[in-house]
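Whatever order the structure lists them in is the order used to number ligands and atoms, beginning at 1. Source: prediction; values computed, not measured.
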Amino acid sequence: MQTESTQSRKGQISIHTDNILPIIKKWLYSDHDIFIRELVSNAYDAINKRNTISRRENQTLTVTPKIQITCNEEAKTLTISDNGLGMDADEIEKYINQIAFSGAEEFLKKYEDKEDKQIIGHFGLGFYSAFMVANLVEINTLSFKEGAKAVKWRCEGSTDFEISESERSDVGTDIILHLNEDSLAYLKEDEVTRLVTKYANFLPVEIAVGETVVNNQNPLWVKAPSEVTDEEYKAFYKTLFPTQFSDPLFWIHLNVDYPFNLKGILYFPKLLHELDANKGQIQMYCQQVFVSDSAKEVVPEFLNLLQGAIDCPELPLNVSRSFLQQDPYVQKISKHIVKKVADRLNELFRQNRSEFETYWEDIHPFIKYGMIQHHEFYDKVKDIVMFSSSNGGSTTIPEYLSRNEEKLQKKVLYCSNKDTQSAYVKMCQDQGLEVIYLKSSIDSHFVQFLESKDSDTKYVSVDAAVMDHLLDTEAESSEVVDPETNKSERDALGDYFKEMLKKDKMTVKVESLKSQDLAAVLVQDEYMKRMQDMSVFMKSGNAGLPFGDETLVLNSSHPLIKALQSMAGDADKSEIRGEICQHVYDLARMAHQPLSGMPLTVLDVLRFDRRG
Ligand code: ADP
């Protein structure tokens, strides 16, 4: 039923907020582009509602749903028109005059003291965001209801409004914004097009700016994954990230209807050669309307290097960010995404190992970082973590353990510096022992983390200990004891080294090693060894901590050591003996020079890794 409201009348909105305009400006100023999103979303809702009603009533719509945006430079107006269900005077009264104002007031009360003002971009103050850019807003609308009369409404941003009859004859709504002086940029079609494609590119209704339809309407994520080709995935990646040169490595298509609604595509970008911290970007949509170019609240931090888009129609957008992370629905989504990423990685590993190995170069840092951060992720991917092996090729830890079980039981030998530890690796190889290479600096920390998760498996650096299996236990031990000093030959040689090198604290052992390549090796306590690796990783200034309590193992099977032993007590040879001693130590020491100029952060690690 129509009331007298179709006659020209003036009235006052009954709320306590005296002037909505300054408030809206104050709160929304930083992000005033979003008025486009709000008004276009309202237009889309109106179209949607009209469609739904006509379907329900078995009527066929005679008009093609469309949103038309018109810039009028002369009149300085921007008009957003739709052929949705329109409003009658009662509805304007109810939805525009009352609810919007009181909604704004409620909003202000709720968020007045909050630091997190960015939230406003999420809030959807809706129609009234128009006052961020306009001094005067008009609505010209005709409801689809039979016998409805067209109405005009105008408001200059105060609580005063004016409502009157309109001449309009087609169902739908025009929102006419008389732009303020600061907002004349919105008279340019290019600028409006940019914003429409930012916020409403994937809205499933035609949107024209001037003469041109500007939106795409069909985001790939709404399709069933089985119907999408690789080429389409790659092309869509380019649509989302037009400045991206290389194709993504692989992707995950999220498509859940139950128990929650989540759609989207997450891409693993190619990081090689073009690494930067801002690479990751997951756009967030709510029913195909762009909400934010960060999905921080929904996607766990370690996946922030992924790119793509997710559409969460049920996401509660009108709460603050920190609150959002606590939301059970958000937590469910987040868990689901982690699971999907892990499943996809496992699938790739199983189905195409060699391809997976090539991706590994690019993705390992965030997988490792993710494992450290996320227990469930760790559990799901721990068996597909790859290391390159001294046997050639790559290996996972379970594969390594099963191959080396007999010789090493639950030990994993690793080399953290291929250049300086090559002698140790060779020693192991000579004895048929496999070594894994830790290539990136994050790995030292990662290995420690793996041990904390699975304490049965021990990771041992090749230079951290000369292990039993490197010692030649069958070699004749020459425990000749000097009757004068009551010292064994071995102890005497050890003391001699300490004295010559002026290193009281050093432990010197004489052992016969299986390998005859090395005269001596310096070994270090595993803990000290890791501290040293970590200090390099953290770039603590003194790259490589002081060596700590070192142990020098002299190889009694080596000719140099044999010679040293035979020269004992020969006064003529004391000088040369001293020189050999220093030389043996220097050689052993050389294998322990830490690298300089190592990386700082995970991203530096990545970068470093590429170079390395
Ligand atoms: P919200 O969209 O969050 O409900 P708004 O302030 O944007 O809040 O809009 C208030 C109401 O005004 C809408 O719910 C709708 O009923 C009505 N409305 C706004 N724009 C239109 C439009 N273009 N066509 C029809 N009704 C509209």
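- Remark: ligand 1 and F127 share an N or O pair separated by less than 3.5 Å (distance only, no angle test).
- Under 4.0 Å from ligand 1, not a single heavy atom of D45 appears.
- Residues F268 and F250 bring their aromatic ring centres within 6.0 Å.
- Near I96, meaning under 4.0 Å from any of its heavy atoms, are these atoms of ligand 1: 12 (O).
- Listed by number with element, the atoms of ligand 1 under 4.0 angstrom from any heavy atom of N42 are 2 (O), 5 (P), 7 (O), 9 (O), 19 (C), 20 (N).
- In this structure, K368 forms a cation-pi arrangement with F446, its terminal cationic atom sitting closer than 6.0 Å to the ring centre and no more than 45° off the ring axis.
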Pair up each side-chain donor or acceptor in residues 207-216 with any protein partner under 3.5 Å, not counting sequence neighbours, and list the distances.
from	atom 1	to	atom 2	distance (Å)
N215	OD1	I207	N	3.0
N215	ND2	L203	O	3.1
N215	ND2	V205	O	2.7
N216	OD1	N218	N	3.0

Output side-chain donor-acceptor pairs under 3.5 Å for residues 340-347, partner residues at least two apart or in another chain, one line each.
from	atom 1	to	atom 2	distance (Å)
D343	OD2	K339	NZ	2.9
R344	NE	W251	O	2.8
R344	NH1	E347	OE1	2.6
N346	ND2	A342	O	3.0
N346	ND2	K380	O	2.9

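- Residue M87 holds the heavy atom nearest to atom 17 (C) of ligand 1 of all those in M87, K49, E91.
- T79 and D174 form no side-chain donor-acceptor contact under 3.5 Å, judged by distance and modelled atom types alone.
- Under the 4.0 angstrom criterion for non-hydrogen atoms, E38 is not in contact with ligand 1.
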